[in-house]
Protein chains: 2
Amino acid sequence: MNDYQLKLDGSICFAIYTAGHAMNRVYKPLLDALGLTYPQYLVMVSLWQEDGQTVGGLGEKLFLESSTLTPLLKRLEAAGYIRRDRSKVDERVVIARLSDEGIRLKEKAAAIPNCIANATGRDAAGLARLEAEIVALREALNKSAV
Amino acid sequence: MNDYQLKLDGSICFAIYTAGHAMNRVYKPLLDALGLTYPQYLVMVSLWQEDGQTVGGLGEKLFLESSTLTPLLKRLEAAGYIRRDRSKVDERVVIARLSDEGIRLKEKAAAIPNCIANATGRDAAGLARLEAEIVALREALNKSAV
DNA sequence: CAATAAATAATCGTGCGCGATATAAATAGG
DNA sequence: CCTATTTATATCGCGCACGATTATTTATTG
């Protein structure tokens, strides 16, 4: 029962891979205006939802390692959007907090989700349904990976 | 009508972004056994379907730039899986061809699509339907991007 | 047919993204 | 307490991935 062939078309993984690139191309001009990359934008969104998160906490939410986040957070700090402070309670922990400029940036970013939604050409219900399916796929893959 | 908020959950882009990472984690051990990365695997799959493709042709299929493909193809060549030759007809063009070892590698890779399909926990029909939706999303995004 | 434009790869710089490893702090055990 | 282990972040090396630029070849045009 070797049903699945070595092909690009018909491969859900290739579809996700290329959809991710396509998505980045849509975000790029919008994020350039804010001086952010997409992963940096994700960190900012996470901090706008809940300020003062640890590196590990952000990593769990965004599925990223400290080896990715540490330099990224340093760049956000250099850009003036966040501060990075060691926790007083536990000196191992680093906490990322929004700066005033980082807080102000939220308003400039507010229009982005609608721009992206428009670019997909789908209505809210269709997007929500598809998003739920992709999240379910992600969860299945994450469970399967040892 | 500012319906869409700055949140991670509910964002189809974040879902795709993280699903791509999850997918990579599943592929990694399978591809490590072949000495390939996922983008390298995509090039090999493309060449197994049609040997002797130009850099530009591969770029169109895989949605990648020459600045990504050139070094990647050089690594595949260094690994002994392909050769890179200038076209005799048009000296601007570089053609990637499978080596004997590259041809043999296809058999070792044959089981991978089934492994991945199993990891998704979905049946063939469900995967095909979801893949079609993600491809449609990709096309919509690519059209929207100027 | 020579000057110009277009096409094709390649190069360079920047920023992910991860695995492996290191460093330092906190906790556990004897 | 004092050592051993665990935890949290940081560092390093490698491979994408892209935009901007360059080099070379081919096609076009006056």
Side-chain angles (χ1 to χ4, degrees), chain A residues 14 17-29 31-32 34-44 53-60 62-79 84-96 142 145-146, chain B residues 14 17-29 31-32 34-44 53-60 62-79 81-82 84-96 142 145-146:
Chain A
F14 179 64
Y17 170 78
T18 52
H21 293 168
M23 177 211 78
N24 242 303
R25 279 189 282 275
V26 176
Y27 267 102
K28 181 120 202 335
L31 292 178
D32 278 352
L34 309 184
L36 293 176
T37 66
Y38 183 67
Q40 288 168 9
Y41 166 77
L42 292 179
V43 168
M44 293 302 290
Q53 294 188 66
T54 68
V55 174
L58 286 168
E60 270 191 47
L62 305 179
F63 301 91
L64 295 174
E65 305 296 319
S66 72
S67 44
T68 300
L69 279 173
T70 295
L72 188 156
L73 293 172
K74 284 184 176 178
R75 281 186 283 269
L76 282 179
E77 187 178 38
R84 295 162 60 248
D85 306 299
R86 294 257 161 207
S87 162
K88 296 267 161 53
V89 192
D90 184 340
E91 285 282 338
R92 292 172 302 183
V93 170
V94 167
I95 300 175
N142 275 337
V146 195
Chain B
F14 179 63
Y17 169 79
T18 52
H21 292 168
M23 177 209 79
N24 241 302
R25 278 189 282 275
V26 176
Y27 267 102
K28 183 119 201 338
L31 292 179
D32 278 351
L34 309 185
L36 293 176
T37 65
Y38 183 67
Q40 289 169 8
Y41 166 78
L42 293 179
V43 168
M44 294 302 290
Q53 293 188 67
T54 67
V55 173
L58 286 168
E60 269 191 49
L62 305 179
F63 301 90
L64 295 174
E65 305 296 320
S66 72
S67 44
T68 301
L69 278 173
T70 295
L72 188 156
L73 293 172
K74 285 183 177 178
R75 280 186 284 270
L76 282 178
E77 187 178 39
Y81 292 139
I82 69 167
R84 294 162 61 248
D85 306 299
R86 292 258 161 206
S87 161
K88 296 264 160 56
V89 193
D90 184 340
E91 286 281 341
R92 292 172 299 184
V93 170
V94 167
I95 300 176
N142 276 339
V146 196

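Owing to the predicted nature of the structure, the values given are computational and were not obtained by experimental measurement. To find a chain, count down the sequence lines: A is the first, B the second, and so on, and within it residues start at 1.
OP1 or OP2 of dC18(D) sits under 4.0 Å from a side-chain N or O of T68(B). Dashed line: the shortest gap from a side-chain N or O of Y17(B) to OP1 or OP2 of dG17(C) is under 4.0 Å.
When the C1' atom of dG15(D) is taken as reference, atom CG of L42(B) falls 14 Å away, rounded to whole Å. Protein atom CZ of R75(A) is 11 Å distant from nucleotide atom C1' of dG17(C), rounded to whole Å. When the C1' atom of dT11(C) is taken as reference, atom CG of L72(B) falls 16 Å away, rounded to whole Å. Atom CG of L62(B) and atom C1' of dC16(D) are 13 Å apart (whole Å). Atom pair D32(B):CG and dC18(C):C1' shows a separation of 11 Å (rounding to whole Å applied). Spacing between atom NZ of K28(B) and atom P of dG17(C) amounts to 16 Å, rounded to whole angstrom units. The distance between atom CD of E91(B) and atom P of dT26(D), rounded to the nearest whole Å, is 6 Å. Separating the NE2 atom of H21(A) from the C1' atom of dC16(D) is a distance of 8 Å, rounded to the nearest angstrom.
Checking each of L64(B), I95(B), L69(B) against L58(B) for a side chain to side chain contact (heavy atoms under 4.5 Å, CB included) leaves exactly one that passes, namely L69(B).
Between Y41(A) and Y27(A), the two ring planes are tilted [angle within 30° to 60°].
Nearest heavy atom pair, residue R84(A) against residue T70(A), reads NH2-CG2, 4.5 Å. Across every non-hydrogen atom of N142(A) and A22(B), the tightest pair is OD1-CB, 3.4 Å.
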Readout for nucleotides 1-10 of chain D: B = base within 4.0 Å of protein heavy atom, S = sugar-phosphate only, - = neither; 5' to 3' it is ------BSBB
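A distance of 8.0 Å separates NE2 of H21(B) from OG1 of T68(A), quoted to the nearest 0.5 Å.
With sequence neighbours excluded, no residue forms a ring pair (Phe, Tyr, Trp, His ring centres under 6.0 Å) with F14(B).
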